[in-house]
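Heavy atoms only: backbone and side chains are in, while hydrogens, waters and symmetry mates are out.
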Amino acid sequence: MSLMERVGDALSPRRLAPAPVIEGRVLRYDGLILEATGFPASPGTLCEIATETGNPVQGEVIGFARGHVMMFLNQPGAGIIAGARVRVIDGGQEAEVGEALLGRVVDAEGHPLDGLPNPRCDAVWPLSGRLMNPLARTPVDRPLDVGVRIINAALTVGRGQRVGIIAGSGVGKSVLMEMMARYTEADVIVVGLIGERAREVGAFARSVMQGEAAKRICMVAVPADRSPLLRLRAARRATAIAEHFRAKGKQVLLIMDSLTRVAHAQREIGLALGEQPTAKGYPPSVVSLIPGLIERTGPGLPGEGAITAIYTVLADGDDTTNDPVVDTARAILDGHFVLSRRQTQMGVYPAVDLPQSASRVMGDITDAPHRAAAQKLRRMITLYMDNRDLMLMGGYVPGQDPDLDEAIRLWPQVTALIRQGAHEPSDFAASREALIALAGGGA
């Protein structure tokens with residue numbers, strides 16, 4: 001064999017040296033945060049840590065200190081001893097995406113939860129998203145039919161709008177989300193169930209993943225008992241999947257339940273790393289996380305689609321004004337729907353509190369008669385609810401206020417407009433006509 005042949009044989013693919021294994025050793029572990037000897041890895045890198053039982057656990061690099069690597073484990077309390085091996089593995093920075101995810105339920109790492117084989121995806125997308133020039137994005141200029149009458153009529157959502165559903169516990173957020181997941185006019189629907197009860201995850205999947213509608217839905221679910229890093233990773237994975245389909249020119253609906261649980265996960269991580277708690281125990285990293293996640297959604301570039309994002313925000317103690325997460329979300333979102341416990345107690349579902357809610361793009365995507373009718377409906381509801389107790393006590397005499405008299409006369413029709421069964425869709429045109437007919441009823 002000649003010299004050139006021997007050199008070529010040595011450099012052939014089958015004789016190339018394997019990729020180097022990047023690893024370190026455990027120095028400190030407190031059951032949650034692990035510190036290992038320094039090795040090249042950026043935040044977000046996944047690692048595999050050996051345990052006493054022989055079953056390795058995963059962790060994610062969250063930072064560096066004193067030349068050491070800091071990690072948060074996916075399985076807190078694992079049996080890890082000092083000097084245990086830490087090895088870098090693939091999959092920390094990107095999410096597998098593609099048509100194979102439609103009709104599937106996966107976890108934070110893309111593993112199936114529905115008992116079916118691993119989805120065979122044909123592309124990857126950065127978990128942290130891709131930056132876009134805000135001036136190059138297309139405008140929000142077309143209404144989106146979400147199938148819910150009161151929202152279509154009085155809080156019209158635009159394609160590419162970001163909206164928050166703000167409410168306390170037990171006022172109908174889940175049912176409203178299910179209605180929007182079933183009836184919204186979108187090519188792809190991505191649902192992120194972050195930090196919710198395992199029972200609710202199963203119930204939601206059984207409710208929406210049925211028939212032909214399931215073929216356009218992808219669910220990413222991580223229940224409340226999982227690591228905070230998995231909850232954050234699930235939120236980023238759901239957003240990455242939505243971004244991929246937007247880049248393909250699809251109209252995407254992203255539903256994330258809930259933004260508050262995402263903030264709680266970041267709070268756990270921040271406090272464990274020594275961040276100082278500020279408003280109601282939330283460290284500064286939470287305030288920066290929320291805009292960073294929300295701004296990844298919205299309209300795409302010319303030729304791309306749009307992500308219309310719906311985020312649920314849990315208002316602790318029904319405090320819809322002073323909660324830090326509610327405040328931060330309200331400031332960055334393009335609108336918010338407040339759900340009223342009082343309406344729930346009156347049996348009016350969906351319990352959307354119209355006077356407290358707003359859609360910041362409705363004025364740009366609806367015509368003048370539609371906007372005028374919505375303003376009149378808002379005014380009638382405000383007048384009636386503000387004077388309801390006075391009327392029940394017999395303190396109001398008809399004829400004193402013509403606007404209030406009109407609101408009282410039309411109140412049965414107002415509640416009929418708001419009320420809608422969970423399995424009774426109402427399209428945009430029908431919702432608009434019902435609103436204008438109601439508003440004209442007092443003329």
Student: Measure the CD1-CG distance between I332 and L293 for me, rounded to the nearest 0.5 Å.
Tutor: 11.0 Å
Student: Any heavy-atom pair between the side chains of I166 and F337 that's under 4.5 Å?
Tutor: no
Student: Under 4.5 Å between any side-chain heavy atoms of V348 and R342, yes or no?
Tutor: no
Student: Can you confirm whether V88 sits close enough to V61 that some side-chain heavy atom of one is under 4.5 Å from a side-chain heavy atom of the other?
Tutor: no
Student: Please walk me through it: do S42 and Q93 pass side-chain hydrogen bond (donor to acceptor under 3.5 Å, both in side chains)?
Tutor: CA-CA 9 Å; S42 60; Q93 309 290 353; 3.1 Å; yes
Student: Only one of E60, E94, E109 forms a salt bridge (charged side-chain N to carboxylate O under 4.0 Å, His left out) with R233, so which one is it?
Tutor: E60
Student: Step by step, would you call R237 with L127 a side-chain contact (heavy atoms from CB on, under 4.5 Å)?
Tutor: CA-CA 6 Å; R237 181 174 291 273; L127 275 173; 4.0 Å; yes
Student: Counting N and O atoms only, with roles assigned by atom type, does the side chain of R371 sit under 3.5 Å from a partner on the main chain of T366, one being a donor and the other an acceptor?
Tutor: yes
Student: For the backbone of G300 and the side chain of T138, can you confirm whether one donor and one acceptor N or O come within less than 3.5 Å of each other?
Tutor: yes
Student: Checking H370 now: which residues fulfil ring pair (Phe, Tyr, Trp, His ring centres under 6.0 Å) with it, not counting sequence neighbours?
Tutor: F428
Student: Is any side-chain heavy atom of Q58 closer than 4.5 Å to one of I89?
Tutor: yes
Student: Could you go through Q413 and M380, starting from their C-alpha distance and side-chain angles, then the distance that decides it, and tell me whether this counts as side-chain contact (heavy atoms from CB on, under 4.5 Å)?
Tutor: CA-CA 11 Å; Q413 294 159 256; M380 285 195 295; over 6 Å; no
Student: Given the rule in the side-chain contact (heavy atoms from CB on, under 4.5 Å) test, do L101 and C121 qualify, once you have shown the distances and angles that lead to the verdict?
Tutor: CA-CA 7 Å; L101 290 172; C121 298; 3.8 Å; yes
Student: Determine, step by step, whether R162 and E295 satisfy the salt bridge (charged side-chain N to carboxylate O under 4.0 Å, His left out) criterion, reporting the C-alpha distance in whole Å, the side-chain angles of both residues, the deciding distance to 0.1 Å, and the verdict.
Tutor: CA-CA 9 Å; R162 291 84 53 88; E295 280 299 318; 3.2 Å; yes
Student: Is the closest side-chain heavy-atom distance between I151 and V163 below 4.5 Å?
Tutor: no
Student: Strictly below 4.0 Å, N to O, side chains only: are E406 and K376 in salt-bridge contact?
Tutor: yes
Student: Does the side chain of R296 come within less than 4.5 Å of R236's, by heavy atoms?
Tutor: yes
Student: Quick one: closest heavy-atom pair of I194 and A234, and the distance?
Tutor: CD1-CB, 3.6 Å
Student: Find out whether L377 and I150 are in side-chain contact, i.e. whether some heavy atom of one side chain is under 4.5 Å from a heavy atom of the other.
Tutor: yes
Student: Would you please test V86 and M71 for side-chain contact (heavy atoms from CB on, under 4.5 Å) and show each step?
Tutor: CA-CA 10 Å; V86 180; M71 278 176 283; 3.5 Å; yes
Student: Side chains of N152 and R432, heavy atoms from C-beta outward: is any pair under 4.5 Å?
Tutor: no
Student: Can R267 and E275 be counted as an ion pair, charged N to O under 4.0 angstrom?
Tutor: no
Student: Whether R130 and E243 form a salt bridge (side-chain N of Lys/Arg under 4.0 Å from carboxylate O of Asp/Glu) is what I want to check.
Tutor: no
Student: Looking at every heavy atom in both F72 and A272, which two are closest together, and how far apart are they?
Tutor: CE1-CB, 3.9 Å
